[in-house]
Amino acid sequence: MLQNLKRLEVNRFSIYIILLVVIVAASFLSPNFLSSDNIFNVLRQVAVITILAFGAMTLIIGGMIDLSAGAVMAFAGVVSVLVYKSTGNLLLAILAGILIGMLCNLVNAFLVATLKTPAFIVTLGMMLMARGAVLELTQGQNVLQLGDFILIGQGNLGWLPIPVLVLIGVTIVIWYLMNQTRYGRSVYAVGGNEEAARAAGISVERVKYQAFLVNGALVGIAGVIFMSRVNAGLPNAGVGYELQAITAPIIGGTSFSGGVGTVMGTLAGALIVGILGNIMNLIGIGSYIQQIVMGAIIVVAVAYDVFSKRGKAKTTILKSDAKGDPFPVGASSSASDPGGGRTSS
């Protein structure tokens, strides 16, 4: 028993140990890595991927997936840019980007939750539709001269970049949703065992709609930040970003089979992905080799997830907390694990 508890503690903190090792290794590989300019550059880049990763994490925990995140991000970001150029209203532009992300994911949710279509097929189709829509909207041309729109992605509040502040705010909100609300407990339950969750009185269809809408809002926010950071509305932006968004939570301990994952683990996974990409750029590794490395990371992370669960029965028993809300056994109804989330047994 004691040995099992020790192994559990090591597993919980292993992602943070890996992150620390990556940071130390990067500092030795390049003297420029720890410079303030490079650190802020990494944080700005990681902000977009991490926000996308939180959306991917939510869906994966719930037993779903989103392959359209990169294309929808481009669509939402370009619409946000066009609204700003038409109105000059920054708040309206941000809301427009978020709305596009949520509308695209509402379509995904309808097809997945209501029509029972596999999320893989639905979001693959949405990837093509969103990319085609943004290319048609712009006729394949970049949108330039953004004016004050660039403040969202390039501005600072004091010494802290605005994208990092947005990331901190999003992290707090997602952590609260996943750990302190009935919605979060329901997502874990649905991903752990959908039929048991349904038997416990959880509206599985509603949870799936909510998860997709949360993902859509996050994709929209990421699109706004990305276009602002590059100072252009790029219809071809975000190619491959959905894979990076999926990689981060998997590295951070989110199980591809659903029901398991943490917000802080996903944050650590996104930082690892961002730092690896940054250090490969600093030491001159080509973009093609970087794709090979990132692909290998995905394969290894998923293989480890599968191997670690081999021979273990996937069961989820639901209890009720003090408020009568269902949650999986093995997940605390009042406190989260050190990784910031809950797991099903």
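Between Asn105 and Asn215, the side chains place a donor N or O and an acceptor N or O closer than 3.5 Å (distance only, hydrogens not considered).
Proximity of Ile289 to Ile292: side-chain heavy atoms (C-beta onward) are separated by under 4.5 Å at one or more points. Between Val134 and Val79 there is no side-chain heavy-atom pair separated by less than 4.5 Å. Leu106 is listed as a side-chain neighbour of Leu213, based on a closest heavy-atom distance under 4.5 Å. Put simply, the side chain of Tyr183 reaches to within 4.5 Å of the side chain of Met178, judged on heavy atoms. Taking 4.5 Å as the limit, every side-chain heavy atom of Thr262 sits out of range of all side-chain heavy atoms of Leu267. Between Val260 and Thr254, every side-chain heavy-atom pair lies at or beyond the 4.5 Å cut-off. Using a 4.5 Å cut-off on side-chain heavy atoms (C-beta onward), Tyr209 and Phe110 make contact.
In the hydrophobic clustering, Leu95 connects to Leu91, either directly or through intervening members, whenever side-chain heavy atoms lie under 4.5 Å apart. Cluster partners of Leu103, using a side-chain heavy-atom cutoff of under 4.5 Å among ILVMFWY residues and allowing indirect links, are Leu99.
Closest approach of Ile283 and Ser30 over heavy atoms only: CG2-CB, 4.4 Å. Between Ala26 and Phe33 the shortest heavy-atom distance is O-CB, 3.7 Å.
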Donor-acceptor pairs under 3.5 Å, side chain of residues 80-88 to any protein atom, not counting sequence neighbours: which ones?
residue: Ser80; atom: OG; partner: Ala93; partner atom: O; Å: 2.8
residue: Lys85; atom: NZ; partner: Leu144; partner atom: O; Å: 3.0
residue: Lys85; atom: NZ; partner: Gln145; partner atom: O; Å: 3.0
residue: Ser86; atom: OG; partner: Leu82; partner atom: O; Å: 2.9
residue: Thr87; atom: OG1; partner: Val83; partner atom: O; Å: 2.8
residue: Thr87; atom: OG1; partner: Asn89; partner atom: N; Å: 3.1

Residues 155-173, side-chain donor-acceptor partners within the protein, below 3.5 Å, at least two apart:
residue: Asn156; atom: OD1; partner: Arg44; partner atom: NH2; Å: 2.8
residue: Thr171; atom: OG1; partner: Leu167; partner atom: O; Å: 2.8

Scan the side chains in residues 233-251 for donor-acceptor partners under 3.5 Å anywhere in the protein, sequence neighbours excluded, and list what turns up.
residue: Glu242; atom: OE1; partner: Gly70; partner atom: N; Å: 3.2
residue: Thr247; atom: OG1; partner: Leu243; partner atom: O; Å: 2.7

Can you list, pair by pair, the side-chain donor-acceptor contacts under 3.5 Å of residues 47-65, counting residues two or more places apart and other chains?
residue: Thr50; atom: OG1; partner: Val46; partner atom: O; Å: 2.6
residue: Thr58; atom: OG1; partner: Phe54; partner atom: O; Å: 2.9

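Tracing side-chain contacts under 4.5 Å through hydrophobic residues (I, L, V, M, F, W, Y), one never reaches Leu20 starting from Ile15; they form parts of separate clusters. In this structure, Leu115 is a member of the same hydrophobic cluster as Val122, with clusters built from ILVMFWY side-chain heavy atoms closer than 4.5 Å. Ile94 and Leu151 are members of different hydrophobic clusters when ILVMFWY side chains are connected at heavy-atom separations under 4.5 Å. Put simply, Leu271 and Leu34 are part of the same group of oily side chains (I, L, V, M, F, W, Y) that touch within less than 4.5 Å, one to the next. No continuous path of hydrophobic side-chain contacts links Val300 to Val21 [ILVMFWY only; heavy atoms under 4.5 Å].
Annotation: salt bridge (charged side-chain N to carboxylate O under 4.0 Å, His left out) contacts involving residues 106-119, sequence neighbours excluded, comprise Lys116-Glu205. Screening residues 280-294 for side chain to side chain donor-acceptor pair (under 3.5 Å), with sequence neighbours left out, gives Asn281-Gln290. Pairs engaging residues 208-236 under the salt bridge (charged side-chain N to carboxylate O under 4.0 Å, His left out) rule: Glu194-Lys208 [sequence neighbours left out]. Judged as a salt bridge (charged side-chain N to carboxylate O under 4.0 Å, His left out), not a single pair has a partner in residues 20-39 (not counting sequence neighbours).
Ser228 contributes a side-chain N or O that, together with a main-chain N or O of Phe149, makes up a donor-acceptor pair within less than 3.5 Å. The closest donor-acceptor contact from the side chain of Gln139 to the backbone of Glu136 lies under 3.5 Å. A distance-only check finds a donor-acceptor pair linking the side chain of Ser27 to the backbone of Val24 [under 3.5 Å]. Looking only at distances, no side-chain donor or acceptor of Thr123 sits under 3.5 Å from a matching main-chain atom of Met126.
Distance check: Thr181 OG1 to Tyr176 OH gives 7.0 Å after rounding to the nearest 0.5 Å. Taking CD1 of Ile275 as the reference point, atom CG of Leu43 lies at 8.5 Å (rounded to 0.5 Å). Taken to the nearest 0.5 Å, the CE atom of Met264 stands 10.5 Å off from the CG atom of Asn179. Here CG of Leu177 is found 9.5 Å from CD of Gln210. Values are rounded to the nearest 0.5 Å.
Asn231 pairs by the side chain to side chain contact (heavy atoms under 4.5 Å, CB included) definition with Leu146, Ile150, Gln154, not counting sequence neighbours. Residues satisfying the ring pair (Phe, Tyr, Trp, His ring centres under 6.0 Å) test with Phe75, not counting sequence neighbours, are none.
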